[in-house]
Amino acid sequence: MSTYLLVHGAWHSGRAWDRVVPLLSSAGHRALAPSLTGYGDKAHLLGPEVGLDTHVDDVVGLLVEEDLTDVVLVGHSYAGLVISAVANRVPERIAHLVFLDAMVPLDGESAADVMPVTQHLIDQALKSESGWRVPPLPELPAPAGLFGITDPADIAWVRSMASDHPVRCLQQPVRLDNPAADRIARTHIHCVAGVPEGFARRPVPAVQPNGTPARVWELPTGHDSMVTMPDELTALLLRLAPASAVTTRSARD
């Protein structure tokens with residue numbers, strides 16, 4: 001059995017993974033999809049003090065509390081920042097990092113550095129009445145839709161879980177100064193349909209930090225692939241089960 005820890009992006013909650021978790025579980029793995037502070041069952045904790053560091057603490061705390069090791073740590077969108085910082089903090093617990101249509105930072109970078117269009121969201125939040133709330137992105141004409149979702153029922157479902165995003169999450173820099181984290185294998189999954197203007201991603205370097213060739217897979221769907229292509233996404237994630245878990249299952253079978 002492998003452990004998958006699925007980290008949602010901005011404006012979402014752990015419910016975003018509801019179509020993926022059962023598929024991973026039915027394949028014999030453990031799948032956890034917590035809501036970060038300010039979302040889902042923690043929505044009441046949303047406030048201007050919540051930042052990237054808060055969300056990193058959320059994930060590190062779960063890893064330590066549950067004593068999880070050999071984890072496939074998946075970060076969607078904004079959560080690419082989160083999982084990068086988590087790996088820097090507790091690299092010994094992570095077997096694989098998966099950047100699902102995600103921000104991939106360098107040491108000292110914030111969301112605005114990784115994706116400059118984010119600076120507009122920061123500026124708008126700072127000028128707003130609250131001074132810190134970043135509301136969910138608006139629905140766009142197809143094929144962009146809402147986070148790449150165009151089905152009306154799916155859009156309504158995602159809207160039902162949406163919360164504002166604290167601006168501090170987009171401002172805080174990531175610290176990546178632990179050489180041990182460089183040894184963690186990583187995979188990038190790009191969702192290539194309906195990408196809105198201004199949201200171009202950085203090219204993935206040809207060589208991973210651990211010296212192996214980069215692994216980049218594509219899904220022909222929009223940003224929220226866990227909603228629009230859960231079966232195809234799960235099939236890719238299952239290919240990343242740590243070798244030790246695969247060996248154990250083979251021996252047992």
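Everything quoted here is computed from the prediction, not taken from an experiment.
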**Q.** Side-chain (T212) to main-chain (Q208) donor-acceptor, under 3.5 angstrom
**A.** no
Q.
Tell me every residue that passes salt bridge (Lys or Arg N to Asp or Glu O under 4.0 Å) with E49, counting only those two or more places apart in sequence or in another chain.
A. none
Q. How many angstroms lie between CG in L170 and OG1 in T118, if you round to the nearest 0.5 Å?
A. 6.0 Å
Q.
Do L6 and L32 have side chains that approach each other closer than 4.5 Å (heavy atoms only, starting at C-beta)?
A. no
Q) Quick one: which of I83, V74, V204 gives a side chain to side chain contact (heavy atoms under 4.5 Å, CB included) with F99? A) I83
Q. For the atom pair CG (L100) and NE2 (H76), what is the distance rounded to the nearest 0.5 Å?
A. 5.0 Å
Q: For D123, check side-chain hydrogen bond (donor to acceptor under 3.5 Å, both in side chains) against everything at least two apart and list the hits.
A: Q119
**Q.** CA sep, side-chain torsions, deciding dist, call: V134, Q124, side-chain contact (heavy atoms from CB on, under 4.5 Å)
**A.** CA-CA 8 Å; V134 181; Q124 292 299 110; over 6 Å; no
Q.
Let me check something: do L23 and I189 share a hydrophobic cluster, defined by ILVMFWY side-chain heavy atoms less than 4.5 Å apart, either directly or through other members?
A. no
Q. Tell me, which pairs form a side chain to side chain donor-acceptor pair (under 3.5 Å) where one or both residues lie in residues 91-104, sequence neighbours left out?
A. D67-R93, H96-T187, D101-R201, D101-H223
(Q) Once side-chain hydrogen bond (donor to acceptor under 3.5 Å, both in side chains) is applied, do any residues pair with E109, and if so which ones, sequence neighbours excluded? (A) R202
**Q.** Verdict with reasoning, L36 to V59, per side-chain contact (heavy atoms from CB on, under 4.5 Å)
**A.** CA-CA 8 Å; L36 300 173; V59 179; 4.0 Å; yes
**Q.** Shortest non-hydrogen contact between A102 and G75, atoms and distance
**A.** CB-O, 3.4 Å
Q: Can you run down the salt bridge (Lys or Arg N to Asp or Glu O under 4.0 Å) pairs that involve residues 164-191, sequence neighbours left out, and say none if there aren't any?
A: R133-D164
**Q.** side chain to side chain donor-acceptor pair (under 3.5 Å) contacts touching residues 6-20 (sequence neighbours left out)
**A.** H12-D224, R15-S160, R19-D154
Q: Go through the structure and list residues passing ring pair (Phe, Tyr, Trp, His ring centres under 6.0 Å) with Y78, not counting sequence neighbours.
A: H55, H165
Q. Given the rule that I, L, V, M, F, W and Y join up when any side-chain heavy atoms are under 4.5 Å apart, are L62 and V64 in one cluster?
A. yes
Q. Quick one: side-chain hydrogen bond (donor to acceptor under 3.5 Å, both in side chains) partners of T228, sequence neighbours excluded?
A. T221
Q | Nearest heavy-atom neighbours spanning G108 and D113 | A | O-OD2, 4.2 Å
Q) Looking at side-chain heavy atoms only, is the closest gap between W157 and V227 below 4.5 Å? A) yes
Q.
Test: ring pair (Phe, Tyr, Trp, His ring centres under 6.0 Å). Region: residues 103-144. Which pairs qualify, not counting sequence neighbours?
A. none
Q.
Using 0.5 Å steps for rounding, measure from the SG atom of C191 to the CD atom of E218.
A. 9.5 Å
Q.
Apply side-chain contact (heavy atoms from CB on, under 4.5 Å) to residues L233 and V20 and explain how you reach the verdict.
A. CA-CA 8 Å; L233 173 58; V20 172; 4.2 Å; yes
Q | Check: D58 and P34 side chains under 4.5 Å, non-hydrogen atoms | A | no
Q | H29 side chain to L24 backbone, donor-acceptor under 3.5 Å | A | no
(Q) Which heavy atom of G47 sits nearest to which heavy atom of P166, and what is that distance? (A) O-CB, 3.9 Å
Q: Return the set of residues passing side chain to side chain contact (heavy atoms under 4.5 Å, CB included) with A79 (not counting sequence neighbours), or none when no residue passes.
A: V7, V82
Q.
Are the side chains of V158 and I149 in contact, using a 4.5 Å heavy-atom criterion?
A. yes
**Q.** Full working for side-chain hydrogen bond (donor to acceptor under 3.5 Å, both in side chains) between D57 and T54
**A.** CA-CA 5 Å; D57 288 343; T54 311; 5.9 Å; no
Q. Is it true that L45 and V167 fall in one hydrophobic cluster, defined by side-chain heavy atoms closer than 4.5 Å?
A. no
(Q) Please give me the minimum heavy-atom distance between A85 and V174, naming the atom from each residue. (A) CB-CG1, 4.1 Å
(Q) Looking at every non-hydrogen atom in both residues, tell me the closest pair between G145 and T150 and how far apart they are. (A) CA-CG2, 4.2 Å
**Q.** Side chain to side chain, H190 and W217, heavy atoms closer than 4.5 Å
**A.** no
Q | Interatomic spacing from NZ in K42 to OG1 in T37 - rounded to 0.5 Å | A | 6.5 Å
**Q.** Minimum heavy-atom distance between A162 and P136, given as atom pair plus value
**A.** CB-CG, 4.0 Å
Q) Who are the salt bridge (Lys or Arg N to Asp or Glu O under 4.0 Å) partners of D41, not counting sequence neighbours? A) none
Q.
Quick check: do V72 and I94 have side-chain heavy atoms less than 4.5 Å from each other?
A. no
Q. Are V50 and L121 linked, directly or through other ILVMFWY residues, by side chains that come within less than 4.5 angstrom of each other?
A. no
Q: With the side chain counted from C-beta on, respond yes when V192 and L219 share a heavy-atom pair under 4.5 Å apart, and no when they do not.
A: no
Q | From D107 atom CG to S84 atom OG, the distance as rounded to the nearest 0.5 Å | A | 11.0 Å
Q. With sequence neighbours left out, what residues match R215 under salt bridge (Lys or Arg N to Asp or Glu O under 4.0 Å)?
A. none
**Q.** In one Ile/Leu/Val/Met/Phe/Trp/Tyr side-chain cluster, 4.5 Å: I122, V117
**A.** yes
Q. Do the non-hydrogen side-chain atoms of Y4 and V71 ever get within less than 4.5 Å of each other?
A. no
